[in-house]
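In the text below, chain A, chain B and the rest are named by the order of the sequence lines, each starting its count at 1.
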2 protein chains.
Amino acid sequence: MSDYIEKAINILKENDFRITTPRKLVIKLLDKSKEALSAYEIKDKLDSQGKDVDIVSIYRIIDCLEKNKLVHRVLSNSKVMKCQIGHEDECHKHQEYHCHHLLICQKCGTIEEIHCAGIAPVIKKVEHESSFKIKTHNLEFYGVCKSCL
Amino acid sequence: MSDYIEKAINILKENDFRITTPRKLVIKLLDKSKEALSAYEIKDKLDSQGKDVDIVSIYRIIDCLEKNKLVHRVLSNSKVMKCQIGHEDECHKHQEYHCHHLLICQKCGTIEEIHCAGIAPVIKKVEHESSFKIKTHNLEFYGVCKSCL
DNA sequence: TTCACTGCAAACCTTTTGCAATTCT
DNA sequence: AGAATTGCAAAAGGTTTGCAGTGAA
């Protein structure tokens, strides 16, 4: 069993969520996917495996995984992908949502997640120039991954 | 007439778009708003002014303004706001979409737009560590503006 | 056994499409 | 006049809600 699946199941258990068949199916699917998926894309992929899960359940499972910080939501298209970066990471503790930056390949859709390191000076600069008190942020990069170059 | 309205009208004319009553109403409304607005929010605000514009037209007007880089789209909620930063700005020329960073107040919704300055070192770092070739990015900050502090 | 979770039906909200009528230039 | 734009009707998507039945702990 992959690290992600194991971690996801443990976190759900710890937080008193039940380990159900539909939840396991969605977790397994997200674990295999290199791209972010929409609710309907998840449904279609499960369907084609002969695993029928209602679309409403998929929405609720995504909510559940998001609450448990087990998925990222890509803002530019509202799809979700597994979050592999550990829950011990600073951003998980202090931010309202995962601020791990996303690198999105415009050709194949592959997404890589990276830590927030390096953004701190930008935040300081922006706070200084704007008189906003910044609490959190969202940063998505779009480009071409090494396999597509 | 405000700078924004004047600029918007000029740019539409330059690009062979017509200056119609509904378009002027939306431009004026966006000019006055400190928050980003959804299509239906625009419709409701115009309605309450006694100006009836069909929701379909509002969608099409937003598209038109977006193509002309006269509005930003806030990714986190898909609303639009006027783009005040000049068309001579680097980002307008080279990026696929406006990369002006947005500062969004979590209390009152006010949005401030700022230049991309300061992000370049982060992009270099990310490219170096990831072997992605970065083309563009989107960065939204969430916090509290000075009036709400 | 109990309560969380799922599935189904239906509602709801947002966005898009096609076409005829309108109105800018 | 001619072409772009609007308004209307309708469809298409995406997401949410309520409730009864199911299944994990």
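The ring of B:H72 has its center no closer than 6.0 angstrom to the ring center of B:H101.
Between chain A and DNA chain C, the heavy-atom contact criterion of under 4.0 Å yields a 5' to 3' nucleotide range of C:dC3 to C:dA9.
A donor-acceptor pair is defined here as one N or O able to donate and one able to accept, closer than 3.5 Å; no such pair exists between the side chain of B:E113 and the backbone of B:L103. Under the 3.5 Å distance criterion, the side-chain polar atoms of A:R73 are left unmatched by any main-chain donor or acceptor of A:V80.
Sequence neighbours left out, the pairs with a member in residues 51-64 of chain B that pass salt bridge (charged side-chain N to carboxylate O under 4.0 Å, His left out) are B:K43-B:D52. Sorted by first and then second residue, the pairs that involve residues 9-36 of chain A and meet salt bridge (charged side-chain N to carboxylate O under 4.0 Å, His left out), not counting sequence neighbours, are A:D31-A:K82.
Qualifying salt bridge (Lys or Arg N to Asp or Glu O under 4.0 Å) partners for A:D3, counting only residues two or more places apart in sequence or in other chains: none. With sequence neighbours left out, the salt bridge (Lys or Arg N to Asp or Glu O under 4.0 Å) criterion links B:E41 to B:K79. Scored by the side-chain contact (heavy atoms from CB on, under 4.5 Å) test, B:K45 finds B:L29, B:L37 as partners (sequence neighbours excluded). Scored by the side-chain hydrogen bond (donor to acceptor under 3.5 Å, both in side chains) test, B:S76 finds B:E140, B:Y142 as partners (sequence neighbours excluded).
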Pairwise N/O distances under 3.5 Å, protein to nucleotides 20-25 of chain D:
unit_1, atom_1, unit_2, atom_2, d
D:dG23, N2, A:R18, NH1, 2.9
D:dA24, N3, A:R18, NH1, 3.3
D:dA25, OP1, A:I19, N, 3.3

Interface polar pairs with nucleotides 7-9 of chain D, N/O, under 3.5 angstrom:
unit_1, atom_1, unit_2, atom_2, d
D:dG7, OP2, B:D54, N, 3.3
D:dG7, OP2, B:S57, OG, 2.8
D:dG7, N7, B:R60, NH2, 3.0
D:dG7, O6, B:R60, NH2, 2.7

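Axis angle across the helix from C:dT1-D:dA25 to C:dT25-D:dA1, with five pairs used at each end and values rounded to 10°: 40°.
The stretch residues 32-41 of chain B has no heavy atom under 4.0 angstrom from DNA chain D at all.
Between A:D63 atom CG and D:dG14 atom C1' the separation is 14 Å, expressed in whole Å. Distance NZ (A:K43) to P (D:dT16): 17 Å, rounded to an integer number of Å.
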Show me, pair by pair, the donor-acceptor contacts under 3.5 angstrom made by side chains of residues 117-127 of chain B, not counting sequence neighbours?
unit_1, atom_1, unit_2, atom_2, d
B:K125, NZ, B:E129, OE2, 3.0
B:E127, OE2, B:I134, N, 2.7

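Partner A:I62 forms a side-chain contact (heavy atoms from CB on, under 4.5 Å) with one of A:L70, A:I42, A:L30 and no other, that one being A:I42. Across B:L12, B:I5, B:I11, a single residue satisfies side-chain contact (heavy atoms from CB on, under 4.5 Å) together with B:I9, and that is B:I5.
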